[in-house]
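Here is the structure we will look at, set down as structure tokens.
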Amino acid sequence: MHLSSRKVSVNIGRAIKEYEVIEEPYAHILVETNKELHGWLSKHRECTSERLLLNPYHGCSVGCFFCYTKGYDFGYFKLCQEEKVVTVFKDFDRRVASQLDEIKIASCGYLSPVSELFSELNNKYQITERIIKEFIKRNIPIEFITKEVISKEVLELLKQQRHSFGQVSILTLKEGLRKRLMKKGATTEQLLGNIRSLAKSGIYAVCRIDPILPFLNDQKEELRDLIKRVRDEGASHIIASCLDISKIMYQETLNYIKNFGISIFYEYKKLYQESIKNCLHADINYRKRIFSFLRETCDKNNISFALCMEFEMVKDKIRGLNQEFMSSENCEGINIPIYIKRGKYFEPIADCLGNCLNCQEAKCGLRELSQGNEDGEKCWKLSDYKRWSKSINENYRLF
Ligand code: SF4
Ligand code: SF4
């Protein structure tokens, strides 16, 4: 990969593609895409509901020092790591629209696992809004996670779809600390305003304290204040995790931690010894203490709680910690049934909590989807949704 004046080249599979860099509002390239909608990619996950994952951008302007995508050293992610050039999949909304028209069964859309979706670049291209419109006009639910300000247009769109919702990442109430954890992003007051706007619009609001960074934002008093504050602003659910460090990012992450003091650097060296797959995790006793405290605080404040991707090793097997700490049926708090197409629009089916990972009965009729009896989670592709669409019974009892 090299940058010569205004051109970059990217390795995609065996092909090398060259693109012109557009510098405003910050460096990016425009790419035509054939990307397909797909479900979760990881077999080890605790995400209870199926989702259709949507990534209109690769690379992110928020610049969290702990961002897990920094460990992705391939394709357009590599371009972002090495050249600081973000990729915009300029026609992705059209791809999404035609793929949604090929299926008759749909789970909630999820914007966006690998980048911020309300960035300055999105202000220019509006792909987020265009994708949300494609979901809403078919009456398929959609959700997002953000560290930026949610636009009025998006709030208006989400209001029209009963199961669509928003998640806002707020790691701390201390604005000074937030700025040291990430280069950009909305201010703490704006993030709290997001929760308030979602709630006022009647849209389910989730606050993500994700991740908790040991010795930085893990003080109990501060976590208690944060939970109370977001509950008062209208959040219905809290999701938390504790920082895990991908092994290839270990040195870079610990070097950044030195900015917070050399003693914290040595604490991290001691704490991060547990290896699960390609990541190092904080000591399990530390994590369980924090998660117990969070669960207890959420219970006291009448707000539901779940963890995101937290595991422990038990006799050489990976065990999810939500079995112990989650108080909701689904990790994202809200129960969203699977939707099927009836006529022009999709509708939610009855008797479905949308918790496929723990579901044993498969009242939707798709036994493959219910993984409550299976040993190991499954990952679905667009082709699976198309296959199920052929056998879908349009006479399901609706919600
Ligand atoms: S907002 Fe998310 S994707 Fe963007 S840098 Fe932060 S962690 Fe990474
Ligand atoms: S009935 Fe069970 S398996 Fe079917 S969509 Fe709902 S939660 Fe998933």
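Read the numbers this way: they start at 1 and go in the same order the structure lists the ligands and their atoms.
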If only atom types and distance count, is the side chain of [X] paired as donor or acceptor with the main-chain N or O of [Y] below 3.5 Å?
X: Q251; Y: K247; answer: no
X: E233; Y: I195; answer: no
X: W40; Y: S49; answer: yes
X: E332; Y: I334; answer: no
X: N194; Y: E148; answer: yes
X: R45; Y: C47; answer: yes
X: S328; Y: C331; answer: no

Determine whether the side chain, the backbone, both or neither of [X] has a heavy atom under 4.0 Å from any heavy atom of ligand 2.
X: I338; answer: side chain
X: C359; answer: side chain
X: I349; answer: neither

Would you tell me which option among K147, K70, H58 has the nearest heavy-atom contact to atom 1 (S) of ligand 1? K147
Quick one: nearest non-hydrogen protein atom to [atom], plus distance?
atom: atom 6 (Fe) of ligand 2; answer: C352 SG, 2.3 Å
atom: atom 4 (Fe) of ligand 2; answer: C364 SG, 2.4 Å
atom: atom 5 (S) of ligand 1; answer: C64 N, 3.4 Å
atom: atom 8 (Fe) of ligand 2; answer: C356 SG, 2.3 Å

Counting each atom of ligand 2 from 1 as listed, which ones have a heavy atom of [X] under 4.0 Å away?
X: N355; result: 7 (S)
X: G354; result: 7 (S)
X: S370; result: 3 (S)
X: K363; result: 1 (S)

Quick check on atom 4 (Fe) of ligand 1: does C60 put an N/O/S atom closer than 2.8 Å to it? yes
Quick note on ligand 1: atoms under 4.0 Å from a heavy atom of G63 include exactly 5 (S)
Assess K35 against F92: is NZ or CZ under 6.0 Å from the centre of the six-membered ring, and within 45 degrees of the ring's axis?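 Because its charged atom sits under 6.0 Å from the ring centre and within 45° of the axis, K35 does stack over F92.
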Ligand 1-proximal atoms of S115, by part, heavy-atom distance under 4.0 Å: backbone
Atom NZ of residue position K17 - does it have more than 12 heavy atoms of other residues, nucleotides or ligands inside 6.0 Å? no
Can you tell me if R319 has over 12 outside heavy atoms packed within less than 6.0 Å of its CZ? yes
